[in-house]
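None of these values were measured; they are calculated from a predicted model. Lettering of chains follows the sequences in order, A, B, ..., and the numbering in each one begins at 1.
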Protein chains: 6
Amino acid sequence: MGELKVFVGTSVPELGREVAEELGIKLGEINIKRFACGEIYVRYLETVRGHDVFLIQSLCPPVNENLVELLIMVDALRRASAGRINAVIPHYGYARQERKDASREPISARMVADLLETVGVDRVITVDLHAPAIQGFFSIPVDHLTALPILAEYYRKKDLPNASVVALDAGGIKNAEKLAKRLDLPLVGMYKRHPAHNVAEVTHVIGEIEGRIPIIIEDMIDTGGTLIEGVKALLQHGAVPEIHVCATHPVFSDPITERLQHPAIKEVVVTDTIPIPPEKMLPKITVMSIASLIASAIKRVHEETSVSELFV
Amino acid sequence: MGELKVFVGTSVPELGREVAEELGIKLGEINIKRFACGEIYVRYLETVRGHDVFLIQSLCPPVNENLVELLIMVDALRRASAGRINAVIPHYGYARQERKDASREPISARMVADLLETVGVDRVITVDLHAPAIQGFFSIPVDHLTALPILAEYYRKKDLPNASVVALDAGGIKNAEKLAKRLDLPLVGMYKRHPAHNVAEVTHVIGEIEGRIPIIIEDMIDTGGTLIEGVKALLQHGAVPEIHVCATHPVFSDPITERLQHPAIKEVVVTDTIPIPPEKMLPKITVMSIASLIASAIKRVHEETSVSELFV
Amino acid sequence: MGELKVFVGTSVPELGREVAEELGIKLGEINIKRFACGEIYVRYLETVRGHDVFLIQSLCPPVNENLVELLIMVDALRRASAGRINAVIPHYGYARQERKDASREPISARMVADLLETVGVDRVITVDLHAPAIQGFFSIPVDHLTALPILAEYYRKKDLPNASVVALDAGGIKNAEKLAKRLDLPLVGMYKRHPAHNVAEVTHVIGEIEGRIPIIIEDMIDTGGTLIEGVKALLQHGAVPEIHVCATHPVFSDPITERLQHPAIKEVVVTDTIPIPPEKMLPKITVMSIASLIASAIKRVHEETSVSELFV
Amino acid sequence: MGELKVFVGTSVPELGREVAEELGIKLGEINIKRFACGEIYVRYLETVRGHDVFLIQSLCPPVNENLVELLIMVDALRRASAGRINAVIPHYGYARQERKDASREPISARMVADLLETVGVDRVITVDLHAPAIQGFFSIPVDHLTALPILAEYYRKKDLPNASVVALDAGGIKNAEKLAKRLDLPLVGMYKRHPAHNVAEVTHVIGEIEGRIPIIIEDMIDTGGTLIEGVKALLQHGAVPEIHVCATHPVFSDPITERLQHPAIKEVVVTDTIPIPPEKMLPKITVMSIASLIASAIKRVHEETSVSELFV
Amino acid sequence: MGELKVFVGTSVPELGREVAEELGIKLGEINIKRFACGEIYVRYLETVRGHDVFLIQSLCPPVNENLVELLIMVDALRRASAGRINAVIPHYGYARQERKDASREPISARMVADLLETVGVDRVITVDLHAPAIQGFFSIPVDHLTALPILAEYYRKKDLPNASVVALDAGGIKNAEKLAKRLDLPLVGMYKRHPAHNVAEVTHVIGEIEGRIPIIIEDMIDTGGTLIEGVKALLQHGAVPEIHVCATHPVFSDPITERLQHPAIKEVVVTDTIPIPPEKMLPKITVMSIASLIASAIKRVHEETSVSELFV
Amino acid sequence: MGELKVFVGTSVPELGREVAEELGIKLGEINIKRFACGEIYVRYLETVRGHDVFLIQSLCPPVNENLVELLIMVDALRRASAGRINAVIPHYGYARQERKDASREPISARMVADLLETVGVDRVITVDLHAPAIQGFFSIPVDHLTALPILAEYYRKKDLPNASVVALDAGGIKNAEKLAKRLDLPLVGMYKRHPAHNVAEVTHVIGEIEGRIPIIIEDMIDTGGTLIEGVKALLQHGAVPEIHVCATHPVFSDPITERLQHPAIKEVVVTDTIPIPPEKMLPKITVMSIASLIASAIKRVHEETSVSELFV
């Protein structure tokens, strides 16, 4: 399968550098530029013929730019006779459009999968998909990694015996359970419900929360709307106002900065699947690197050894 | 697009007849037989050339037999120059295998979609998919109908002002909400949780249930394991022991009959997406027909008018 | 191409074990189960990443169950990043539906080929196809093996100098010729014909048969209808009533057992491409194993050496 | 589906004209030329947008020229937005390469099917395929016509009560049976066999032939080798030396002319699926036109009425 | 094929409105929005089932946003059972990346074609492709329109008898010839050449230019680099310093505004395949609408009449 | 990827032998024959299983025969389990049909690409494509070699300090520039133009030509029409009547021989991408072999080292 080569798109340059360092190799040389009209140009500056190539590109904002850039990177790679093309997508964008909630909507998460297969991707490596069914949108193999052990290890070291792990809604309960189990902490679920027709929605909080420190876990934090509602409900139910929040993907769209400044939020732990722009990098934010997770997956895929222990 | 023609596979002969009756047409003549060795043989006994053909076949038990039969029906249809091939699949089997929960598993719900597209299906019409992301497993259009209005209408006529609509787990909450809204009844959610590591699982019941009649709603009832646990929890929380259960798909695998005989279950309302064998047809079971829903969808699809009001 | 790994489906467990033994390897560990509703679940219990995997599964009765099981096995394998997926199909079912004899029929043998390619099979290894044109139904390579040398060797050891090799119809003459040549015995053909319109069909027997022991050879024996007619015609033409029958594939559908009990049939020699259920295992049946043939093909395919001498 | 339009390639200009006449339409105007270097150029001289276009082209000698010409005609048609592209292929070349008889051979009949589907053919109409499994080489619908009724009608009018219908080998027996049945004449089969190892091949003639007039029927006549052997065997078995020969496809490769001059061959009846060059047009050759058969199929396909009564 | 429906993306809202007006229909209602994170959401607000839908979207800056938006629009359309999907792309972006000029480059113009076909586009209508071979990048039909008659008509009315039509380089000569012919004006070519190794490039100007008014024609104007060099060379060769410039596509990337302010450029005539932002809308720029050209093509495609007279 | 194996089609037997010799290997044994009816038969006489196979075949006259032969060679190779199939096409036929110049024309150069991909080619190696956009007609990798250094080296040795390199039209200017640069000679362009409507076409000659020896360079020479016009124009502009002509591809269709006999043409240098029949092999023609170029590309592709320095 030729040599291992890693190239990085313009979305996550820092992560790319760290992955290469973890692997003990030099990042592949590539020229990616945008013409004045906005069209992207790509050229590989070293041979890729027959090699086992990994392209690292997050589908984070500007998501459409990053998507087209990745597609063009793959097209050039295939025409240059790469041996195998592995798309490493730390954050898989459009993951929330994975079903039709109304008629005449797209299923954009499937469309992204189709585009990647069309240009010639042989395998996808990604982290904490918003919806696990997205794996089924691909015909090619998907190695679905999880950052949960990294987050768990952070809190294990922090040692918060008085904490509870909190899921903000039903969709997040599985992940929260896994974190609670690893930390040997109680699990708290939240659950919004209209008790009856025309009665205002009530947020139920189930589990041991009064007088405890919440560790909220989400797969991604976007504008923070659900988060802030959850914070308020937790406080109403007597939680200690030193709330920890963690998530794999810091999408961080406005008005996230304003919301994260809520005084009850003590710390926000995320990973570097998406780079945080400096103006949003509040002091209370901690970024854990997934570089060694990605590097480990790349190494195993390249050497054809089992990746299953890095899986969700 | 030629004439409307409807053929029915061996899985749901009665439903096929009713749909044809609703449409005011004769079911298409087809010879489907099994040779002594079990291989299926299909022959259409009337011309299908250029016509708009709808094949009705449920992927219910025996699911693999029914699946292969459908595939062969489609192959013959395509080779006979049908104008358009619409697969009407009242119950979409393998819908619970729509993600990988462990490494080296299949995603069989996607595979079924691929098989249908490979043999030449142009469109799928189906009812209450277990997981909505399955729509995204298809490249062809999917018309995703729902039997919920039929179930709602049944209870509306029954008039149970003292009832609550119950979802047995997080996955079912959306459907339960819709039913509750239509009936103007309170919603009750259930939620299983290990309060902490090594502590036994507790079923939380959230919402107004004490002294009320539960109407449990599920998308499908298979062996009834989750159902019976739910029944017990509801009784522990003071529900009136006259529980109503409804679901679109009566998969009804053993030991379902034994479980449905639980004295607190008063009535079980399902639809005919799957025929119930006589030995499982307990007196407390009521079957609502989806024939007119299916017929209406077929009519609109054939006439190219909007189907969206029949959609989930 | 990674290591050689062999997994076996539920259709031919014994053959699988023997093939592994011949190859001197352990069968791959796999969990194949059927849920109460009949849906199949598959999970590989060891890594297949990058390996050269051979799946052994016969498309024998219950043919539709075995077909869907094989498709699901392949889907899981592809998603688990197998390096190459080889489907070893000792008996290729639906092989008699390889043409349209009437309008609006399927060509199921082609459809099976399409399904296998769709899920991701890279190569098929099969034995004595009923119709050789089936190779042309695949775009992927087909290694088409033959059990004829095994059958020939059996009769060579038996030493029946007074025998004739018999083909029951025109379709079987090529195989019969090959066996006759290997055994240096005369060849006898049979041939049914209506001498004229409205005159009853006559079975012609061509060649040296009077006073000789017939060795009838067929590719498969299903219900035995053609066989028993042939036996009667041979006896009418003065054959010794100690008839030997051989075939690669013992499909053995009812009423085969009754028919094989015909006193003039002395012995029936078949292979283990299809397991014979105990209640059909008459004392006069001898089963030759194709395990070493299959093993040899697997070995050569894996090592990329020529397979042509194992071919039909 | 727009209007019916018929264009004809350079292989069968006369047949094209007759088909158009039968349909009562003007042949579509098309410019097909070969540049000095041999490359083919095609341009349609009238609009085809949205129309139901039938291209008539035989894959007869020069077969490769005719094949590429047809492919280019289809490419231009698809790019010009034809509504539906029907390839009418009176003689399907490469039909004898429909299986692998030795390792490392092509299956060219399948390859031709793939090429046609790749360039965009929607349907194939063809006549008396050498091997019926070729239908299964296509994913698109194939309307498989037969010239047998035309040949039968010819002999019915000729009124040869003393004749027998003869198949030269096992492969031709089905067609011969159909002709015999239509003419109410006896059927004669021929069958070559080595009675034993190292003994010269013997041609068996089965059925009533002594003192009768043979009507030999074949699907195609190429070099005439098998034919001339059959003629000799018939004469040895006492046939009247006034042999009639008929076939759908006059491939007529050298040395066919010399062989057809055998004095015992009284008449050769073929169709115009392949034009016979003047130098091969012996006086004893009669050509029946399939123009009305083709025209009838085109009309039914265009009007979407059943074609099945024109089928094999 | 159902009704004609036209929807417009966010790239050319004004052009969309004009096309609808020309066609005498209301633009289809569609909701296209961008979430805070930049992901695009699309929903059609009226039925498209079975209809003949035309989506108007230019691949102009921001080209990647517009491309992904178009792809998502198509995905939603296909899933909503549109009868036929026609992508009307007034300006085809990435058209200059239609070949590899160096190794390891992409061919992005082909990739865009592949993406459009993958999501389900049935036909493309576009205007003045930068390279005509791009038509061959599609398997689906492409209707390739030209704005040249619109530009010609403008200058015909202007009546500049003393003008010459100028092509700035070899690639533009064909278009210039067509314009010159329509206006009955002399043609002037330009041609850059290094007379020998290490000698500075010289721009040759061939044809009657001294004392004449140049009408420069280009397919697109991007940053204006080539244009401004051409202007200088023309002036050096004695052209009247009242230069007219025309082009179909005003890509207008910086520093185009500065360059167009060159005093010798009297007027710039372009079309509305790309909207010009107000800050770039110099008084000397005239925009001709292609709305009626597009509308005419849509009408003919919908009615399946010949489009060829609108073609390049 | 197995061993390197090279097989040659019937178009360029001599080139095949030379390439094998350069590589130091024996040409693979293959049986290619034509039946009496013109159908091609192919069989590989040695194993290709798992090997890295290169097929050398030019699409030169008889182009359709050579194309179909190549397609059949590939089909057999794929079915025989070749590891990788590389089509080495020294001359890519149909390259001038790479765009639609009028409506309802084919784009045959794309169609050829589609046919090659359909039968299973994994990579194409070709030389000096007439239009570089043809690379974009393929989805598979194309290694596009150039014979220009071979031609340059020939003239470098010849040492013609008084020469100018001439391009006959705009399309050829890029290649001419490259040759001029390598030889450090002046470049001359030619350029046909109608100075105005209804005025006869004039051939402009731009650059230093008077009293110099022209070296005309073309990618291919077909009938020589453009060439002879160019020769006349050069002489009119005072060129020394000792014209050198070079081209990669000697298509050499009639009346090329007559035209090349023009006394002012001193020498014609071409390569062996197309064999020149003896009757066209004028004494003034010199053939340079590209065998070592092809061999070098094959070696690098097989060893997965960079081919870029052999590229155009």
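Of all the heavy atoms in D:Y41 and F:E105, the pair that sits closest is OH-OE2, 2.6 Å. Contact record, F:T223 with D:A36: CG2-CB, 3.8 Å, taken as the closest heavy-atom pair. A pairwise comparison of heavy atoms in F:P106 and D:A76 identifies N-CB, 3.5 Å as the closest pair.
Ranking F:R43, F:R78, F:R96 against chain D, the residue ahead of the rest is F:R43, based on heavy-atom pairs under 4.5 Å. Taking F:I30, F:V251, F:T47 one by one and counting their heavy-atom pairs under 4.5 Å with chain D, the maximum is reached by F:T47. The choice from D:E69, D:R79, D:R49 that makes the most heavy-atom pairs within less than 4.5 Å of chain F is D:R79. Ranked by heavy-atom pairs shorter than 4.5 Å toward chain F, the options D:D254, D:I107, D:V119, D:L71 are led by D:I107.
Of the atoms belonging to F:D114, heavy atoms from both backbone and side chain fall under 4.5 Å from chain D. Proximity to chain F (any heavy atom under 4.5 Å) is restricted, for D:R110, to the side chain, taken from C-beta onward. Proximity to chain D involves both the backbone and the side chain of F:I72, based on heavy atoms less than 4.5 angstrom apart. Heavy atoms closer than 4.5 Å to chain F are found in the side chain of D:Q97, but not in its backbone. Heavy-atom distances place both the backbone and the side chain of F:I40 under 4.5 Å from chain D. For D:L77, no part lies under 4.5 angstrom from a heavy atom of chain F.
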field: Steps toward side chain to side chain contact (heavy atoms under 4.5 Å, CB included) verdict (F:M220, D:C37)
entry: CA-CA 12 Å; F:M220 71 171 72; D:C37 63; over 6 Å; no

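Here D:E46 contributes atom CD and F:R104 contributes atom CZ; the two are 8.0 Å apart, rounded to the nearest 0.5 Å. The CZ atom of D:R34 sits 14.0 Å away from atom OG of F:S253, with the distance rounded to the nearest 0.5 Å.
When F:D75, F:L115, F:T118 are each tested for a side chain to side chain contact (heavy atoms under 4.5 Å, CB included) with D:M111, only one passes: F:D75.
By the neighbour-count criterion of 12 heavy atoms within 6.0 Å, atom NZ of F:K284 is densely surrounded, having more than that number from other residues, nucleotides or ligands.
Using a 4.5 Å cut-off on side-chain heavy atoms (C-beta onward), D:V63 and F:F35 make no contact.
Of all residues in residues 53-61 of chain F, those placing a non-hydrogen atom less than 4.5 angstrom from a non-hydrogen atom of chain D are F:P61.
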